[in-house]
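Report on the following structure.
A, B, ... follow the sequence lines: proteins, then strands. Residue 1 opens every chain. In this text, all values refer to a predicted model and were calculated from it rather than measured experimentally.
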Amino acid sequence: MEGAQRQALIEQVGVAARERAALASSYLARVRAATARLEATSRSSSDISDALLAVGDHANLDVDPPTASRWKAFTLVKLVVKRLTRWYFVYVGQQITSLGYAVIRFGTATVERAERLEEATQALQERVDALEARVEQLHHDVDDV
Amino acid sequence: MRIDQFLPTFVPDDAIANHVLCSRDTFRQEGYESKIWADEILAPLHNQARQYLEYSGGADVVMYHASTHSPMVDFLRARPEPLVIYYHNITPARFFTRWEPLAADSMEAARVELRQLVPITRLAMAPSRYSETELIELGYPRTTVSPLLVNFDEYEKRASRKLLARLRGNGVGNGARWLFVGRVAPNKCQHDVIGAFAAYRHIFDPNARLQLVGGVTSDLYYRSLRRLVAELGLEDSVELLGSIPFEQLLAVYHSSDVFVCLSEHEGFCVPILESMHFGIPIIAYGAAAVPETVGDAGLVLGDKDPLTVACAVDRILSDQSLRAELVRAGRLRAHDFALPNTSRALLKTLSCFLAKHQVKRG
């Protein structure tokens with residue numbers, strides 16, 4: 001396929017997508033939101049919201065481990081172990097997941113409080129700067145007199 | 001004349017391990033001696049390689065396959081033999097920071113090691129221009145592109161009949177069968193494939209099915225994929241098959257209608273070539289080395305919005321002449337990468353290197 005043909009095809013696909021967009025807009029919005037939550041990249045290793053997101057990811061414990069193996073015997077062993085221990089891991093897993101969510105709530109509350117304090121500090125700093133400028137101006141005025 | 005190859009992990013049915021084995025056979029057929037040395041050697045490859053710490057020297061050229069962090073790098077830096085590296089690419093750490101922080105650190109360490117090898121490396125090879133560019137940016141003075149060796153004869157083996165029957169039987173009402181093969185890792189973006197598949201199923205084909213094949217690199221990402229599948233109500237149509245035996249992989253290829261790759265980082269992507277070999281049309285997102293590997297034998301998209309990908313798949317599967325053209329182009333492209341062609345290219349590169357450095361064949 002020639003480059004121009006391929007480009008035309010990609011454009012046709014784009015047109016088709018735009019035409020279909022309205023047909024399933026609410027479902028597509030749901031799909032986009034769900035996949036966006038799994039975006040691979042983080043903004044920065046020190047970003048507090050990303051760190052909280054990571055806690056959220058890790059808080060969801062999966063007590064249903066994969067049992068596939070390259071060797072059939074191992075698959076069988078894994079299945080047997082999984083069935084025998086499932087009750088135990090579900091019991092423990094639920095508690096750890098709850099703990100995870102409690103940590104997220106605590107973290108979210110802490111982040112929000114820190115952000116409010118940051119805003120308040122910023123506003124106070126601006127008032128102090130304005131007052132300092134005013135005092136300096138008054139000093140100049142006194143000197144001039 | 002002896003060319004020894006070193007790699008951190010030697011794992012069966014792995015693209016790097018297969019390349020190393022094919023390279024060794026190519027060297028031997030050409031009259032060179034050649035052995036494989038690795039840090040971790042998994043069954044059934046124990047008799048194909050030896051632990052690298054037992055290495056006592058004797059090679060005229062040492063070839064290191066760089067892809068991950070390894071203590072082997074310090075070992076090689078202290079060796080006197082001329083060093084050639086083959087850079088399979090290292091996934092940028094940013095893809096793993098959120099999911100597997102330890103793996104992210106390991107990838108950072110691997111990049112540091114790659115930089116440390118610059119002063120002692122005589123020749124740096126890569127399977128794609130994309131990876132070669134990284135080598136040039138790191139300061140490697142002599143670089144070249146040398147294709148990955150893939151032995152397509154292996155793909156003529158018999159596929160698992162049981163799985164083939166199951167997969168073909170699953171196509172209730174002849175729904176389209178989507179496929180992606182690659183390790184379950186955040187840079188491979190299986191979540192985008194699932195999203196696009198959900199859109200396709202909702203709009204075009206409620207009987208469509210998706211098979212995701214590949215071992216798990218990130219457990220957390222894998223679990224998130226499973227939750228995504230459940231959230232979108234796709235439990236009955238999406239299969240996360242994990243790492244499967246080769247005969248089952250063949251069955252999956254034989255039963256698929258379209259290969260959808262929405263990876264954001266690939267150093268080459270062998271499954272694209274495999275799909276071409278099996279006559280499966282390719283739809284891919286144009287990131288990293290993917291456009292290079294696909295060439296003109298697939299549809300490379302500039303964005304991977306679920307609806308765009310779904311419409312692209314629908315177009316390819318509903319337009320028979322377009323599909324036939326892509327399949328034909330794919331088979332030609334796969335032929336370019338046939339072992340006789342790629343091994344010849346590898347030997348040519350190495351012969352030029354040996355001649356330049358006056359390493360004479362004995």
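Using a cut-off of 4.0 Å between Lys/Arg side-chain N and Asp/Glu carboxylate O, Asp305(B) and Arg32(A) are scored as salt-bridged.
Contact annotation for Asp303(B): neither backbone nor side-chain heavy atoms come within less than 4.5 Å of a heavy atom of chain A. Looking at Leu228(B), only its side chain comes within 4.5 Å of chain A, counting heavy atoms on both sides. With a 4.5 angstrom heavy-atom cutoff, Val216(B) does not touch chain A via any of its atoms.
Using a 4.5 Å cut-off on side-chain heavy atoms (C-beta onward), Ile194(B) and Thr35(A) make no contact.
Close approach to chain A, defined as a heavy atom under 4.5 Å from one of its heavy atoms, is seen in Glu325(B), Leu326(B) of residues 324-336 of chain B, taken by number.
For the atom pair CG of Asp296(B) and CD of Gln5(A), the computed distance is 10.5 Å after rounding to the nearest 0.5 Å. Here the OH atom belonging to Tyr27(A) is positioned 5.0 Å from the CG atom belonging to Leu232(B), to the nearest 0.5 angstrom. Atom CG of Leu38(A) sits about 9.0 Å away from atom CG of Leu220(B), to the nearest 0.5 Å. Going from atom CG of Leu299(B) over to atom CD1 of Ile10(A) covers 5.0 Å, rounded to the nearest 0.5 Å. Between Thr308(B) atom OG1 and Arg20(A) atom CZ the span is 13.0 Å, to the nearest 0.5 Å.
Between chain A and the options Asp13(B), Leu301(B), Leu240(B), Leu241(B), the largest number of non-hydrogen pairs under 4.5 Å is found for Asp13(B). Your options are Ala36(A), Ala24(A), Ala16(A), Ala34(A), and the one with the most heavy-atom pairs under 4.5 Å with chain B is Ala34(A). Annotation: maximal heavy-atom pairing with chain A below 4.5 Å, among Ala198(B), Pro245(B), Gly242(B), occurs at Ala198(B).
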Would you mind writing out the side-chain donor-acceptor pairs for residues 115-128 of chain A within the sub-3.5 Å range, not counting sequence neighbours?
unit_1, atom_1, unit_2, atom_2, d
Thr121(A), OG1, Leu117(A), O, 2.6
Gln122(A), NE2, Glu126(A), OE2, 3.4
Gln125(A), NE2, Asp129(A), OD1, 3.1

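Counting only distance, with no hydrogens or angles, the side chain of Arg315(B) and the backbone of Gln12(A) share no donor-acceptor pair below 3.5 Å.
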Begin from the C-alpha positions of Glu231(B) and Arg37(A) and carry the test side-chain contact (heavy atoms from CB on, under 4.5 Å) through to its verdict. CA-CA 12 Å; Glu231(B) 186 181 342; Arg37(A) 280 202 297 277; 2.5 Å; yes
May I have the step-by-step check of side-chain contact (heavy atoms from CB on, under 4.5 Å) for Val31(A) and Phe197(B), ending in yes or no? CA-CA 10 Å; Val31(A) 170; Phe197(B) 173 76; over 6 Å; no
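For Glu136(A), the CD atom counts as loosely surrounded, since its 6.0 Å shell holds 12 or fewer non-hydrogen atoms of other residues, nucleotides or ligands.
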